[in-house]
There are 2 protein chains.
Amino acid sequence: MARTGRPRSFDDRQVIEAAKEVFWQRGYTRTSMRELKNELGVLPGSLHGAFGDKHTFFLRALERYAEDAREAATALRVDGPALSRVRQFLTEALDAARSAPGRGCMLGNTAAEVLPEDEEAGRIIRRAFGELEAALEEALINARRAGEVRADVDCGAYARLLLALLQGLHVIARVERDPRRLDDAIDAALAAITASGADARPL
Amino acid sequence: MARTGRPRSFDDRQVIEAAKEVFWQRGYTRTSMRELKNELGVLPGSLHGAFGDKHTFFLRALERYAEDAREAATALRVDGPALSRVRQFLTEALDAARSAPGRGCMLGNTAAEVLPEDEEAGRIIRRAFGELEAALEEALINARRAGEVRADVDCGAYARLLLALLQGLHVIARVERDPRRLDDAIDAALAAITASGADARPL
DNA sequence: TCTCTTCTTGGACGAGTGGTCAAGAAATGA
DNA sequence: TCATTTCTTGACCACTCGTCCAAGAAGAGA
């Protein structure tokens with residue numbers, strides 16, 4: 001069957017990308033379809049025709065965000081001093097949230113807003129968190145093997161700690177006026193497991 | 001002027017307490033006045049007469065939650081081995097959230113939901129976070145003085161880390177199926193600063 | 001050019017929202 | 001007992017929400 005009929009007047013990927021930004025900033029419940037219409041320049045009828053209802057549309061945007069996070073985590077896997085990769089990953093993740101007021105992490109925001117009712121969103125978030133945790137653990141293990149991290153550190157538990165720390169910093173960033181205090185917390189987390197003798201970051 | 005007229009048919013404190021539970025569980029936006037009416041047994045007219053509009057009512061409930069958190073933090077100030085007090089505080093705070101599905105910390109939930117738009121809520125949250133951080137820092141300093149914590153630990157930065165960790169654990173708890181993994185993260189955070197030779201908790 | 005198919009447009013719908021208000025009920029003080 | 005004051009009751013208002021749909025527009029194929 002040949003595809004025929006009037007073509008889409010917009011690019012699906014661009015629309016999802018724009019919707020991601022709006023949902024990221026305002027959350028699921030507080031974002032109305034009318035708001036999306038204005039921001040995206042697509043009328044509600046077309047939006048429903050192309051992406052289904054609000055919830056499925058939101059899941060697409062959330063999935064897109066999760067892919068971004070997954071991609072950012074690949075930076076943990078490159079060669080080089082593993083501990084500074086971890087620091088850089090955490091700092092950059094925080095900066096992404098600080099680039100606009102009140103965004104935080106869309107995964108954490110969504111978890112706080114709609115879980116545990118929304119099981120589909122839960123699956124996306126659980127998977128993304130799991131991958132981030134695994135990437136962090138792998139980096140920590142490499143760092144320990146290289147002597148950057150003390151030998152007695154439980155890398156699995158500490159990776160979970162770092163993921164939770166990142167999520168918590170996103171929350172605290174909403175009320176914290178001095179951004180440097182957040183970086184200090186990251187430094188403290190890494191300093192606490194740095195092997196004595198390894199190149200510690202100057203305070 | 002003597003107070004006269006028909007008396008309240010409900011106790012203000014009890015209503016605020018019940019409203020705190022509902023807002024804690026469901027958040028600000030997703031909780032409707034009708035839901036509160038059903039849950040609290042107070043009709044909308046009376047609710048407005050007694051507490052004003054939804055937003056001021058919510059702030060009362062949030063303030064109430066902040067007082068609870070403040071009270072819980074006083075447990076950090078009692079005498080005894082400071083580090084185990086910290087561990088107990090973090091664990092109990094997490095348990096309070098795990099006692100019901102999808103509650104988390106009302107301060108963090110609210111921060112993620114309505115900040116930075118809602119400045120009044122922001123003030124309440126900022127103050128509560130500040131007090132928790134200060135109480136944690138004080139406990140860490142005591143622990144360091146007692147030799148439980150390594151001398152090179154920056155207690156201020158690490159207190160911030162622990163507060164962020166707690167907030168992050170609340171977020172992650174919404175998707176984590178094995179609760180013990182969260183306790184492991186707390187253990188890892190404290191093990192990382194425990195002075196060698198001090199009584200470390202068995203793994 | 002004409003038909004077929006798909007997308008766009010924008011108004012409309014029912015449900016649910018926060019908030020209001022007039023009437024009735026219950027207490028006080030004289 | 002009665003006037004006064006305050007609280008309760010539940011219907012009601014204007015508004016916003018997500019969603020739907022009939023009519024028109026725009027491309028592809030014959």
Side-chain angles (χ1 to χ4, degrees), chain A residues 1-62 110 113-114 117-121, chain B residues 1-62 110 113-114 117-121:
Chain A
M1 173 176 23
R3 42 173 275 92
T4 173
R6 181 173 179 173
R8 288 269 163 77
S9 67
F10 52 86
D11 177 38
D12 288 24
R13 292 177 51 87
Q14 280 183 3
V15 169
I16 293 283
E17 185 72 24
K20 182 194 76 178
E21 295 287 332
V22 180
F23 278 125
W24 183 4
Q25 184 102 23
R26 305 249 317 135
Y28 175 64
T29 309
R30 291 160 65 91
T31 301
S32 73
M33 294 299 278
R34 282 163 180 77
E35 197 171 346
L36 289 170
K37 175 200 86 178
N38 295 334
E39 211 75 34
L40 277 51
V42 181
L43 288 173
S46 299
L47 229 46
H48 273 80
F51 305 105
D53 63 4
K54 183 189 179 185
H55 186 242
T56 22
F57 190 40
F58 173 73
L59 291 179
R60 289 281 295 272
L62 181 62
T110 305
E113 184 182 354
V114 302
E117 279 89 359
D118 189 334
E119 295 177 12
E120 292 168 294
Chain B
M1 174 177 19
R3 44 172 276 89
T4 174
R6 182 172 179 174
R8 288 266 161 79
S9 67
F10 52 86
D11 178 35
D12 288 23
R13 290 178 53 88
Q14 280 184 4
V15 169
I16 292 284
E17 186 71 25
K20 182 195 76 179
E21 295 289 331
V22 180
F23 278 126
W24 183 4
Q25 185 101 23
R26 305 249 316 135
Y28 175 64
T29 310
R30 292 160 64 93
T31 302
S32 72
M33 294 299 279
R34 280 162 182 76
E35 199 171 344
L36 290 171
K37 173 198 87 178
N38 295 335
E39 211 76 34
L40 276 51
V42 181
L43 290 172
S46 299
L47 229 47
H48 274 80
F51 306 105
D53 64 4
K54 182 188 181 187
H55 184 243
T56 33
F57 191 40
F58 172 74
L59 291 179
R60 289 281 293 272
L62 181 63
T110 305
E113 184 182 355
V114 301
E117 278 90 0
D118 190 334
E119 296 177 12
E120 292 168 292

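Treat the numbers as computed from the prediction; the structure is a model and nothing was measured. Here is how names work: the chains are called A, B, and so on, in the same order as the sequence lines, proteins then strands, and each is numbered from 1.
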Side chain of B/Lys54 only, heavy atoms from C-beta on: which candidate in D/dG18, C/dT17, C/dG19 is closest? C/dG19

Nearest-angstrom distance from the residue atom NZ of A/Lys37 to P of C/dT8: 15 Å

Calculate the interatomic distance between B/Phe51 atom CZ and C/dG18 atom P; express it in whole Å. 17 Å

Is A/Gly49 touching bases, backbone alone, or none of the nucleic acid, heavy atoms closer than 4.0 Å? nothing

Atom CG of B/Leu47 and atom P of D/dC7 are separated, to the nearest Å, by 13 Å

Minimum heavy-atom distance between A/Ala61 and A/Ala19, given as atom pair plus value: CB-C, 4.2 Å

Side chain of A/Leu43 only, heavy atoms from C-beta on: which candidate in C/dT20, D/dG18, C/dG10 is closest? C/dG10

Sugar-phosphate only, base, or nothing, as touched by B/Phe57 at under 4.0 Å among non-hydrogen atoms: nothing

By salt bridge (charged side-chain N to carboxylate O under 4.0 Å, His left out), which residues pair with A/Lys54, not counting sequence neighbours? none

Separation of D/dG10 atom P from B/Leu36 atom CG, nearest Å, is 18 Å

I want to check one thing: is the phosphate of C/dT8, taken as OP1 and OP2, less than 4.0 Å away from some side-chain N or O of A/Ser46? yes

Ranking C/dT17, D/dT19, D/dT8 by distance to the side chain of B/Phe10, first place goes to D/dT8

Within this structure, what is the CG-to-P distance between B/Asp11 and D/dC7, rounded to whole angstrom? 14 Å

How many Å lie between NE2 on B/His48 and P on D/dT9, as a whole number? 16 Å

Could you grab the distance from atom CZ of A/Arg30 to atom CD of A/Glu113, nearest 0.5 Å is fine? 9.0 Å

Could you go through residues 37-52 of chain B and list every donor-acceptor pair under 3.5 Å that involves a side-chain atom there, pairing it with any protein atom two or more places apart or in another chain?
unit_1: B/Asn38; atom_1: ND2; unit_2: B/Arg34; atom_2: O; d: 3.3
unit_1: B/His48; atom_1: ND1; unit_2: B/Pro44; atom_2: O; d: 3.1

Measure the distance from CE on A/Met33 to C1' on D/dC20 and round it to the nearest whole Å. 12 Å

Mind checking if B/Thr29 touches a base, just sugar-phosphate, or nothing, with heavy atoms under 4.0 Å? nothing

Hey, is the side chain of A/Ser32 poking within less than 4.0 Å of OP1 or OP2 on D/dT16, counting only N and O atoms? no

Would you mind telling me which residue lines up with the more 5' stretch of DNA chain C, A/Gly41 or A/Arg34, judged by nearest nucleotide? A/Gly41

Rounded to whole angstrom units, what separation is found between the CD atom of B/Glu35 and the C1' atom of C/dG19? 17 Å

Select from A/Gly52 and B/Gly45 the residue whose nearest nucleotide in DNA chain D is closer to the 5' end of that strand. B/Gly45

Spatial distance of atom CG (A/Leu62) from atom OG1 (A/Thr110) [nearest 0.5 Å]: 5.0 Å

